[in-house]
There are 2 protein chains.
Amino acid sequence: MARRRYGCRVTAGTAARRGRIDKRAAILEAALRTFIRDGYGLARVEAIAELAGVAKPTVYNHFGDKETLFRVFILDGASRTSDHMIAALAALAALADDGDGDGDDLAGDLSRVAREVIDCQLTEEGWVLQRLMYAEAARFPDLFDEALARGGARLHNALAGRLAHRGRLELADPDTAAAHFLALISGDLPALSALGTRKVSDAELRTAIAAGVDTFLLAFAPGRRPAGRDTRRGWRAAAMDSGNRT
Amino acid sequence: MARRRYGCRVTAGTAARRGRIDKRAAILEAALRTFIRDGYGLARVEAIAELAGVAKPTVYNHFGDKETLFRVFILDGASRTSDHMIAALAALAALADDGDGDGDDLAGDLSRVAREVIDCQLTEEGWVLQRLMYAEAARFPDLFDEALARGGARLHNALAGRLAHRGRLELADPDTAAAHFLALISGDLPALSALGTRKVSDAELRTAIAAGVDTFLLAFAPGRRPAGRDTRRGWRAAAMDSGNRT
DNA sequence: ACTATATTGAACGATCGGGTTCAATCAATC
DNA sequence: GATTGATTGAACCCGATCGTTCAATATAGT
């Protein structure tokens with residue numbers, strides 16, 4: 001039998017976890033690939049082990065059972081994805097106190113934030129987390145709550161804070177504004193991407209984001225008309241003239 | 001062995017389907033219950049048969065195999081749910097041509113439509129269809145496309161047509177307006193309802209709908225200020241005064 | 001009554017998959 | 001070197017599940 005080569009054993013600092021950290025990481029990466037393809041129910045522990053290049057007992061050594069592996073995968077993923085999204089909010093810095101400001105580009109800032117948040121969501125991991133949450137909501141209700149607390153709620157709160165201090169927005173409630181912003185920029189994504197199973201073109205993304213940001217600004221910053229303002233009025237007139245109903 | 005009692009056999013008019021129509025309906029209803037609890041992968045055909053009060057071979061007689069049963073369930077469900085939602089759009093009748101109209105209640109109409117569309121979505125069937133679509137998107141990509149064509153796309157198009165002819169709205173593009181309306185009124189639902197696994201209170205629903213309709217009107221009917229307009233401006237001033245950042 | 005179709009309870013075949021055991025080997029620490 | 005924890009390939013256990021077969025019974029149409 002050939003000599004075997006392994007990496008470092010976990011040190012006492014991570015006593016709450018068993019096994020070697022490189023094996024753990026490989027297992028979680030393999031879990032991602034397997035859950036993407038098979039979901040939770042049809043994903044096999046043996047397949048995950050093979051993909052990770054470890055023995056099946058090693059998976060059980062690290063995670064105890066399939067369900068625990070799944071929970072760790074979901075919660076780690078929710079935190080990580082949300083961290084990335086929250087970092088993207090930096091583009092929404094508070095407005096400097098230097099007057100009316102020609103340097104202010106609210107629309108541009110919102111668009112950049114939207115693009116980065118959506119890019120996080122459009123990752124394979126982003127989608128598999130969402131799909132798995134939907135799929136398993138009934139079976140693991142506590143898991144949904146915790147993932148929401150680590151993921152979506154954190155993003156939402158961070159965005160609300162940013163919007164509250166951005167300036168030049170009329171907000172009755174920053175929570176509502178944040179929720180609506182996220183809804184407007186991402187509402188088209190499930191259909192465009194077939195729930196994450198297809199690639200969305202750059203043009204489609206830009207269009208969806210621009211429309212979402214436009215509508216957001218119309219509602220929450222009415223003093224700042226987006227470029228398409230006159231086009232809107234013109235369209236309405238045309239519809240009244242045509243008189244048809246689809 | 002006791003005498004057995006059965007219903008009517010299918011007539012030649014439905015030759016494309018096998019078996020008795022009452023058995024078929026019972027199987028599809030049992031499939032709903034089983035998919036709600038177990039999803040697709042872990043749902044057992046034998047469990048569905050028991051719940052339906054039929055023998056397992058009967059399920060196979062009607063549907064051939066588990067996957068076909070699933071496909072039929074999804075597509076029939078998408079059509080039915082979308083039919084109900086589209087019917088709800090009747091509240092958005094075109095504005096009568098009688099001038100500026102004190103009888104016009106755009107906000108009220110939109111709220112009624114929103115409430116009915118959301119009530120359809122909040123049914124057990126509505127949620128299980130959505131959860132199943134997310135869960136199985138990667139395994140059955142063609143199914144998603146067809147369900148979208150029968151469901152979401154039909155609703156979207158019908159709503160766009162209604163909005164286009166409602167009057168008093170400034171729409172650059174009725175498609176975008178429809179998409180944004182649906183996004184605004186339903187964006188909170190996944191979190192509020194824990195993806196359909198919890199009941200949403202009437203107060204929560206009313207709040208979410210009112211906020212969504214308000215924002216929609218601000219963006220698409222800016223001449224019609226919702227009641228909360230002054231509150232919004234007041235809040236912004238308070239935020240600037242407090243100076244904190246969450 | 002006759003015929004054809006549908007349904008049934010029981011049983012089966014083949015395969016599967018979560019979790020476990022085992023003894024040998026490896027790796028890190030003292 | 002000794003000790004301890006981690007890993008491994010192979011094998012196992014046991015319950016499960018999709019799909020099928022069978023002969024008897026029921027039902028609907030002619």
Side-chain angles (χ1 to χ4, degrees), chain A residues 1-28 30-31 34-35 37-73 136 139-140, chain B residues 1-27 30-31 34-35 37-71 73 139:
Chain A
M1 185 169 296
R3 274 190 170 272
R4 292 173 173 176
R5 294 211 158 271
Y6 300 128
C8 294
R9 184 198 303 186
V10 174
T11 60
T14 58
R17 292 178 181 168
R18 291 181 55 85
R20 293 166 38 189
I21 195 164
D22 60 321
K23 298 287 184 179
R24 179 187 168 89
I27 293 167
L28 286 169
T34 311
F35 290 144
R37 188 187 64 204
D38 301 325
Y40 171 69
L42 296 185
R44 294 176 302 114
V45 174
E46 180 159 5
I48 290 169
E50 279 173 17
L51 216 49
V54 305
K56 191 163 61 157
T58 305
V59 177
Y60 286 99
N61 186 43
H62 279 260
F63 295 102
D65 58 17
K66 183 181 178 183
E67 177 175 325
T68 303
L69 167 60
F70 179 72
R71 286 173 178 273
V72 170
F73 171 79
E136 307 302 330
R139 191 175 292 116
F140 304 114
Chain B
M1 185 171 299
R3 275 190 169 271
R4 295 174 171 174
R5 294 209 159 275
Y6 300 127
C8 294
R9 184 197 304 187
V10 172
T11 61
T14 56
R17 293 178 180 170
R18 289 182 57 88
R20 293 168 34 191
I21 194 164
D22 61 319
K23 298 288 182 178
R24 178 186 167 89
I27 294 166
T34 311
F35 291 144
R37 190 187 63 204
D38 300 325
Y40 171 67
L42 298 184
R44 293 176 302 115
V45 174
E46 180 159 4
I48 292 169
E50 280 173 17
L51 217 50
V54 305
K56 192 166 54 158
T58 307
V59 176
Y60 285 99
N61 186 45
H62 280 262
F63 295 103
D65 58 17
K66 184 182 178 184
E67 176 176 324
T68 303
L69 167 60
F70 179 72
R71 286 173 179 273
F73 171 77
R139 189 174 295 115

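All chains are named by letter (A, B, ...) in the order of the sequence lines, taking the proteins before the strands, and each is independently numbered beginning at 1.
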* Is there a side chain to side chain contact (heavy atoms under 4.5 Å, CB included) between R37(B) and T34(B) once you walk through the steps? -> CA-CA 5 Å; R37(B) 190 187 63 204; T34(B) 311; 4.1 Å; yes
* Asked: Given the rule in the side chain to side chain contact (heavy atoms under 4.5 Å, CB included) test, do Y40(A) and E67(A) qualify, once you have shown the distances and angles that lead to the verdict?
  -> CA-CA 9 Å; Y40(A) 171 69; E67(A) 177 175 325; 3.8 Å; yes
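In this structure, V45(A) and V54(B) both approach DNA chain C, and ranking their closest nucleotides by distance from the 5' end singles out V54(B).
Contact detail for A49(A) and A55(A): the closest heavy-atom pair is CB-C, 4.1 Å.
Between the side chain of K56(B) and the base of dG19(D), a donor-acceptor pair under 3.5 Å is found. One cannot find a donor-acceptor pair under 3.5 Å joining the base of dG19(D) and the side-chain atoms of K66(B).
Rounded to a whole Å, the CD atom of E46(A) is 13 Å from the P atom of dG19(C). Atom CZ in R24(A) sits roughly 12 Å away from atom P in dT7(D) (whole-Å rounding). What separates NE2 of H62(B) from C1' of dC18(D) is a distance of 18 Å, to the nearest Å. Between E50(A) atom CD and dT7(D) atom C1' the separation is 16 Å, expressed in whole Å. If you take CG of L69(B) and P of dT17(D), they are 16 Å apart, rounded to a whole angstrom. Summarising the geometry, the separation between CG on D65(B) and P on dC18(D) is reported as 11 Å, rounded to the nearest angstrom. Whole-Å rounding puts the R20(B) CZ to dT27(D) C1' distance at 8 Å. The distance between atom OH of Y60(A) and atom C1' of dG5(D), rounded to the nearest whole Å, is 21 Å.
Look at K23(A) and you'll find a side-chain N or O under 4.0 angstrom from OP1 or OP2 of dT8(D). The phosphate of dA6(D) has neither OP1 nor OP2 within less than 4.0 Å of any side-chain N or O from T58(A).
Distance from the side chain of P57(A) is smallest for dG9(D) among the nucleotides dT8(C), dG9(D), dG18(C). Side-chain atoms of N61(A) lie closest to dA6(D) of the nucleotides dA6(D), dT8(D), dT20(D).
The closest side-chain donor-acceptor pair between N61(A) and T58(A), if any, does not fall under 3.5 angstrom.
Using a 30° and 60° split on the angle between ring planes, F70(A) and F140(A) fall in the tilted class, from 30° to 60°.
Within the 4.0 angstrom heavy-atom criterion, only backbone atoms of the sugar-phosphate kind lie near A43(A); the bases stay farther away. Residue G41(B) is out of contact with every strand shown, counting any heavy-atom pair closer than 4.0 Å.
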